[in-house]
Amino acid sequence: MFICGRGGCTMDSMAPVAQEALRIAVDKVVEKLKEGKKLTTKDISLLYLGTIVNELGGIRGEIARLEQRMEEMNKRIDETNKRIDTVAESLSRRIDETNKRIDETNKRIDETNKRIDAVAAELSRRIDAPSARLDDVQKTLLEIQRLLMELLKTRQT
């Protein structure tokens with residue numbers, strides 16, 4: 001059946017009919033050969049055209065197989081990409097969780113450092129208070145020593 005529009009008949013719509021006609025013509029030329037009859041230029045052209053069509057059919061079949069393999073490969077690539085995306089999302093979540101834990105640990109370290117600073121300041125204050133009292137006691141002792149020296153001088157004279 002021919003399917004033709006305003007632009008004429010398409011090759012795809014004519015291909016099955018033309019192939020069948022060519023097959024019949026080639027079969028008649030082969031019969032001529034079997035009978036030992038002389039082939040005309042037209043007969044040789046038909047045989048050559050039949051060979052070309054057979055080779056094109058094989059090429060088309062190979063193209064179809066390659067297209068099918070490409071489609072399968074594309075599906076596999078898509079599946080692999082989905083798995084990669086899933087792994088990437090999982091790793092991203094784990095990295096985020098790890099970063100949160102690091103942030104929490106850093107906060108705890110900062111809090112600990114503040115407590116250490118507070119304890120150090122308190123210890124320093126506690127050490128400074130006795131030091132000041134000790135200084136006062138030393139001053140008092142020096143004053144007592146000075147007074148005792150004066151008292152001894154006054155008694156000796």
task: Look at the side-chain heavy atoms of Ile, Leu, Val, Met, Phe, Trp and Tyr, link any pair under 4.5 Å apart, and say whether V30 and V53 land in one connected group.
output: yes
Charged N to carboxylate O below 4.0 Å: is that the case for [X] and [Y]?
X: R69; Y: E72; answer: no
X: E20; Y: R23; answer: yes
X: R65; Y: E62; answer: yes
X: E150; Y: R146; answer: yes
X: K28; Y: E31; answer: no

- prompt: Would you call E55 and T51 a side-chain contact if the rule is heavy atoms closer than 4.5 Å?
  reply: yes
Side chain proximity check, E143 to L147, heavy atoms < 4.5 angstrom: yes
task: Show your working on salt bridge (charged side-chain N to carboxylate O under 4.0 Å, His left out) between E79 and R76 and close with a plain yes or no.
output: CA-CA 5 Å; E79 290 170 4; R76 288 176 59 196; over 6 Å; no
[atom1]/[X] to [atom2]/[Y] distance, rounded to the nearest 0.5 angstrom?
X: K107; Y: T112; atom1: NZ; atom2: OG1; value: 14.0 Å
X: T140; Y: D135; atom1: OG1; atom2: CG; value: 10.5 Å
X: I109; Y: I102; atom1: CD1; atom2: CD1; value: 10.5 Å
X: L56; Y: L49; atom1: CG; atom2: CG; value: 9.0 Å
X: D128; Y: R133; atom1: CG; atom2: CZ; value: 12.0 Å
X: L148; Y: R155; atom1: CG; atom2: CZ; value: 9.5 Å

- request: Give the C-alpha distance, both sets of side-chain angles, the deciding distance and a yes or no for side chain to side chain contact (heavy atoms under 4.5 Å, CB included) between L22 and Q19.
  value: CA-CA 5 Å; L22 180 62; Q19 285 178 350; 5.7 Å; no
Does any N or O in the side chain of [X] come within less than 3.5 Å of the main-chain N or O of [Y], such that one atom is a donor and the other an acceptor?
X: S90; Y: T86; value: no
X: S124; Y: A120; value: no
X: N74; Y: E71; value: no

Verdict with reasoning, I44 to V29, per side chain to side chain contact (heavy atoms under 4.5 Å, CB included): CA-CA 8 Å; I44 294 171; V29 171; over 6 Å; no
- request: State, to 0.1 Å, how close A25 and L46 come at their nearest heavy-atom pair, and which atoms those are.
  value: CB-CD1, 3.8 Å
- request: Answer yes if the side chains of D43 and T40 hold a donor-acceptor pair under 3.5 Å, and no otherwise.
  value: yes
- prompt: Would the number of heavy atoms belonging to other residues, nucleotides or ligands and lying under 6.0 Å from CD of Q138 be above 12?
  reply: yes
